[in-house]
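Both counts, for ligands and for their atoms, begin at 1 and track the order of listing.
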Amino acid sequence: MAAEIRLFTCLSDNFGYLIHDPATKATASIDAPEAAPIIQALGREGWTLTDILITHHHGDHVGGVAELKQKYNCRVVAPHDKSAKIGNVDLRVSHGDVIKVGNLLARVLETPGHTLDHVSYVFDGEKAVFAADTLFSIGCGRVFEGTHPMMWDSLLKLRALPDDFRLYCGHEYTAANVRFALTVEPDNAALKARAAEVTRLRADNKPTIPTLLGEEKKANVFLRADEPAVAASLHMKGAGAAEVFGELRERKNKS
Ligand SMILES: [Zn+2]
């Protein structure tokens with residue numbers, strides 16, 4: 001039986017995610033921005049929380065952990081502490097670790113840059129990657145704790161995943177990301193198609209997530225910092241990809 005994934009809104013613009021294994025009834029929450037919407041989503045499905053997979057230490061990703069752990073006595077999986085303490089953790093994971101949610105397997109990718117502890121969870125069997133605040137649709141996370149080369153390297157790890165994998169990210173930021181990306185690549189056909197799709201989805205108050213990695217590779221300017229056309233658009237012909245990425249990130253910060 002295939003895994004079931006549910007997506008819902010938490011806080012103002014965070015996504016909550018549940019991934020459920022029908023065979024074992026195990027259910028994981030990817031991050032826990034706040035407890036109430038996660039408890040409601042579990043209740044709608046009749047599922048019980050067995051695991052929380054934390055991507056990084058920011059409050060809008062761990063705020064609900066203590067309450068959920070107390071209510072469900074679930075296992076809390078989190079990256080090793082590098083920058084700050086995440087509480088209530090049962091299992092610390094590093095790059096390459098594989099964890100089980102029932103019979104589902106999640107592979108840990110260390111994707112630092114936004115924070116030093118940031119990890120992404122790849123469910124190869126489900127063709128799904130939960131990249132939180134590293135990779136957004138048509139955008140990427142702000143580089144708070146790491147460096148631009150570090151973040152670019154993390155994006156390359158995600159870009160290396162197959163085109164038919166679905167990206168589940170931490171926030172609904174796609175519309176603003178599209179507006180910025182069009183300033184750099186106004187003639188990118190894949191980006192223009194995504195822009196139209198995002199306008200349609202948001203007008204219907206629907207999420208823009210998940211999205212296919214193959215589409216992101218074509219349309220997300222932050223995954224395209226090594227494209228000569230992107231460097232040329234920034235008047236950075238011949239510059240290294242990490243440097244071009246850094247310029248993109250700086251411009252987005254100011255946009
Ligand atoms: Zn964050």
Side-chain angles (χ1 to χ4, degrees), residues 7-19 28-38 51-69 76-89 92-95 106 108-122 128-159 167-177 180 207-211 216 220 222-223 245-246 248-255:
L7 167 164
F8 45 93
T9 303
C10 291
L11 302 172
S12 58
D13 53 32
N14 281 74
F15 284 117
Y17 295 114
L18 296 174
I19 182 164
S29 176
I30 312 298
D31 285 328
E34 56 176 338
I38 296 171
D51 302 272
I52 301 173
L53 310 184
I54 297 172
T55 60
H56 67 296
H57 69 83
H58 282 161
D60 62 327
H61 293 258
V62 301
V65 170
E67 187 178 340
L68 291 169
K69 175 132 182 95
V76 178
V77 177
H80 281 280
D81 287 329
K82 285 177 182 163
S83 53
K85 253 206 146 18
I86 301 171
N88 299 291
V89 176
R92 300 273 177 184
V93 291
S94 305
H95 195 77
V108 177
L109 290 189
E110 287 185 359
T111 50
H114 176 72
T115 62
L116 292 177
D117 65 349
H118 199 298
V119 298
S120 299
Y121 293 97
V122 182
V129 53
F130 295 89
D133 293 358
T134 298
L135 177 62
F136 297 126
S137 179
I138 319 296
C140 74
R142 280 181 188 253
V143 180
F144 286 123
E145 295 178 6
T147 63
H148 290 141
M150 181 191 286
M151 186 69 160
W152 172 242
D153 189 56
S154 293
L155 293 178
L156 288 179
K157 288 181 197 172
L158 294 166
R159 195 177 75 174
L167 169 69
Y168 296 86
C169 60
H171 293 269
E172 180 60 85
Y173 288 162
T174 315
N177 290 340
F180 170 75
T208 62
I209 302 301
T211 174
E216 289 297 313
N220 186 335
F222 290 95
L223 293 179
F245 168 76
L248 284 169
R249 192 55 263 177
E250 291 295 327
R251 286 189 187 205
K252 176 66 170 66
N253 290 350
K254 292 180 201 129
S255 73

Please verify the inter-ring angle class for F130 with Y168; under 30° counts as parallel, over 60° as perpendicular, anything in between as tilted.
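Parallel: the ring planes of F130 and Y168 meet at under 30°.
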Near the Zn ion (ligand 1), which protein N/O/S atoms are found at less than 2.8 Å?
H56 NE2, H58 ND1, H114 NE2, D133 OD2
[X] side chain to [Y] main-chain N or O, any donor-acceptor pair under 3.5 Å?
{"X": "R142", "Y": "R249", "answer": "no"}
{"X": "E216", "Y": "I138", "answer": "yes"}
{"X": "K157", "Y": "E110", "answer": "yes"}
{"X": "Y121", "Y": "A128", "answer": "no"}

Just to verify, what does H118 make a ring-ring contact (aromatic ring centres under 6.0 Å, His included) with, not counting sequence neighbours?
H56
